[in-house]
Amino acid sequence: MATQQSRLAARLMVAPSVILLFIWMIVPLVATVWFSFRNYNLLNPNLTGWAGFNNYYYFLTDPNFLTAIWHTLAVVVGVLIVTVVGGILLALMLDRPMWGQGIVRIMVIAPFFVMPTVSGLIWKNLLMNPVNGMFAHMAKGLGLQPYDFLNQAPLTSIIVIVAWAWLPFSTLIFLTSLQSLDGEQQEAAEMDGAGSLSRFIHLTIPHLTRAITVVILIQTIFLLSVFAEIAVTTNGGPGTASTTLTYLVYVQALLNYDVGGGTAGGMVAVILANIVAFFVMRMIGKNLDA
Amino acid sequence: MARQIKGSAKAGNTLIAWVIGFVIFFPILWTILMSFHGEGDAIKSPLPMLASPWTFDSYGEVQARSNYSLHFFNSVVISLGSTVLALIIAIPAAWAMAFVPGRRTKDLLMWMLSTKMMPAVGVLIPMYLGFKALGLLDTLTGLVMLMTLANLPLVVWMLYTYFKEIPGEILEACRMDGASLRSEITHILVPLAVPGIASTLLLNVILAWNEAFWTLQLTSSKAAPLTQFIASYSSPEGLFYAKLSAASTMAIAPILILGWFSQKQLVRGLTFGAVK
């Protein structure tokens, strides 16, 4: 059906996007690989030449690297648990009849639209601050000692802040998925005497499997790059107690001026993300065929 | 057959839902409330704070202290500029892929998506050095260009999923009837494509407005959008609760309003059509 001519036109229409994305993708990536094998420190311009795998060696054997990997995993897994479990519960709640559903929905979804630096700072100052924060006032009101969240449990606090921001996303996906649940099947099961818990386990959960996969994969991609929430609340501290891989690369490169070491760290991040991306792409690719 | 819902069950669910919704919304509500009180009252405990006199002073002070409107303007330019540019580049591409798919269209789409999976930190250093070498650090031009490219894969994908739903037969039929290319575009394509384009625009403006990796790394003052401006409140000397609240309220209000219109697109856009 498509003529030779329209094929050519189509290629011309696609070309700008492809060329721009190719440049955007390949040039910096090649540069990152290149720098990662070079001696390149902005504080020490005399040190040049090839470094071999030295940058990787130093980055990977840096004790901060292993802790940063653990922190990254903790953030990703922690936020995923909260958003998947919380999201399913919230979606089930929103799916049931109530008065003022539209308003409740708006309240639940709102955190997603708050920019990361704002959510970081309002949690840090207005809520979690040990002297003037809301939680401190509440603790004092109950006669308890105020807790310094960001100093005593920095990683958990960051997980809470990030999970708060992502909860609406998972809730919306689960809600969308729930709304396509087969109502007749539910009713048939009910007539056959299936209790609500058994209906939830045997009908709702299997139906949500796909949505759960989507939430886990897509959020993981975004969560691996959490940066602003850490930068405005703990700066990766105290010490390195909340330094994730993304934050460590930033510190190495732009605060310690070690371009070689920073890019080696960047490559580690790229490889990690690619492992997740592989599964994301497979899932979306399958969907594209359907 | 609709099931009878007992009034009491509905009332119970309503109560629980409102309480939980309120708790989730509370940090935002509290920020808004605090922004209308004086700096000295903002650090009081909650009830005295609410009882203290209401004022708009904080809003005026934010502008006077740090030229808020400049950063607001930067945010508008960056989010809207990068989205519109990305749309201009992406519309023809998505159109061609949806209506004249070739053997490699699917691979191409997947490849575009893969560029979005790349963690920004992996290319932070070359970007930073490149921006520095070209004098693009802290310029709107640099940031609009970068955000255009960063958004491009998502924009192509969203448009593609919308365009794919336009039945190709309509175009065939209207060509058979001898419609000129111009009338084909103005009478058929535009009305069918506009809703998809509008949804894409909306979601990408929101995402670009809130983008807080590149904006924090590549801007400092002149071209700083609201994300970077608010981050300046993280230093202890900038610890002014009422002003922080006022600045935050102004930064999130426009996007909260847009966001409420974009709930459907959010799911569709960010899952690349995997959940409908």
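Note on naming: letters A, B, ... go to the chains in the order of the sequence lines (proteins, then strands), and numbering restarts at 1 for each one.
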Engineer: Checking A/I103 against chain B: side chain, backbone, both or neither under 4.5 Å from a heavy atom?
Structural biologist: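 Just its side chain gets close to chain B.
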Engineer: B/P119 versus A/T246: any side-chain heavy-atom pair under 4.5 Å?
Structural biologist: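 B/P119 does not reach A/T246 side chain to side chain.
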Engineer: Which bit of A/W164 comes within less than 4.5 Å of chain B, counting heavy atoms only: side chain, backbone, both or neither?
Structural biologist: side chain
Engineer: Counting C-beta onward and ignoring hydrogens, is there a side-chain heavy-atom pair between B/I24 and A/L90 closer than 4.5 Å?
Structural biologist: yes
Engineer: Could you give me the CA-CA distance, side-chain angles and deciding distance for B/V123 and A/V27, then say whether side chain to side chain contact (heavy atoms under 4.5 Å, CB included) is met?
Structural biologist: CA-CA 9 Å; B/V123 291; A/V27 174; over 6 Å; no
Engineer: Which bit of B/T215 is near chain A, if near means a heavy-atom gap under 4.5 Å: side chain, backbone, both or neither?
Structural biologist: neither
Engineer: What part of B/L216 gets within 4.5 angstrom of chain A, counting heavy atoms only: side chain, backbone, both, or neither?
Structural biologist: side chain
Engineer: Does any part of the side chain of B/I206, heavy atoms only, come nearer than 4.5 Å to the side chain of A/F113, both counted from C-beta?
Structural biologist: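 They are in contact (side-chain heavy atoms under 4.5 Å apart), so the answer is yes.
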Engineer: Decide yes or no for B/W30 and A/I122: does some side-chain heavy atom of the first lie under 4.5 Å from some side-chain heavy atom of the second?
Structural biologist: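 A side-chain contact is absent here, since even the closest heavy-atom pair is not under 4.5 Å.
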Engineer: Heavy-atom distance under 4.5 Å to chain B: side chain of A/V226, backbone, both or neither?
Structural biologist: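 Contact with chain B: none, neither part.
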Engineer: So which part of A/F222 gets closer than 4.5 Å to some heavy atom of chain B, the side chain, the backbone, both or neither?
Structural biologist: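 Interface part for A/F222: side chain.
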Engineer: Judged by modelled atom types alone, do A/N129 and B/Y241 share a side-chain donor-acceptor pair under 3.5 Å?
Structural biologist: yes
Engineer: Answer with side chain, backbone, both or neither: which region of A/I271 has an atom nearer than 4.5 Å to a non-hydrogen atom of chain B?
Structural biologist: neither
Engineer: Please state whether the side chain, the backbone, both or neither of B/L29 comes within less than 4.5 Å of a heavy atom of chain A.
Structural biologist: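 B/L29 has no heavy atom closer than 4.5 Å to chain A.
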Engineer: Using non-hydrogen atoms only, which part of B/L108 is less than 4.5 Å away from chain A: side chain, backbone, both, or neither?
Structural biologist: side chain
Engineer: With a 4.5 Å limit on heavy-atom distance, are the side chains of B/Y128 and A/Y250 in contact?
Structural biologist: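 Side chain of B/Y128 against side chain of A/Y250, heavy atoms only: no contact under 4.5 Å found.
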Engineer: Is it the side chain or the backbone of A/K140 that comes within 4.5 Å of chain B heavy atoms, both, or neither?
Structural biologist: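 Contact with chain B involves no heavy atom of A/K140 at all.
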Engineer: Which atoms of A/Y247 come close to chain B, meaning under 4.5 Å heavy atom to heavy atom: side chain ones, backbone ones, both, or neither?
Structural biologist: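 No part of A/Y247 comes within 4.5 Å of chain B.
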Engineer: Under 4.5 Å heavy-atom distance to chain A, tell me which part of B/L124 shows up: side chain, backbone, both or neither.
Structural biologist: side chain
Engineer: Would you mind checking which part of B/I230 comes under 4.5 Å of any heavy atom in chain A, side chain (CB onward), backbone (N, CA, C, O), both or neither?
Structural biologist: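 For B/I230, heavy atoms of backbone and side chain both lie under 4.5 Å from chain A.
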Engineer: Write down the atom of A/F22, the atom of B/W111, and the distance for their closest heavy-atom approach.
Structural biologist: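 Residues A/F22 and B/W111, closest heavy atoms: N-CH2, 3.5 Å.
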Engineer: Under a 4.5 Å heavy-atom cut-off, does chain B meet the side chain of A/R11, its backbone, both or neither?
Structural biologist: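 Contact with chain B is absent: no heavy atom of A/R11 under 4.5 Å.
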Engineer: Which pair of heavy atoms, one from A/M134 and one from B/P46, lies closest together, and at what distance?
Structural biologist: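 A/M134 and B/P46 have their closest heavy atoms at SD-CG, 3.4 Å.
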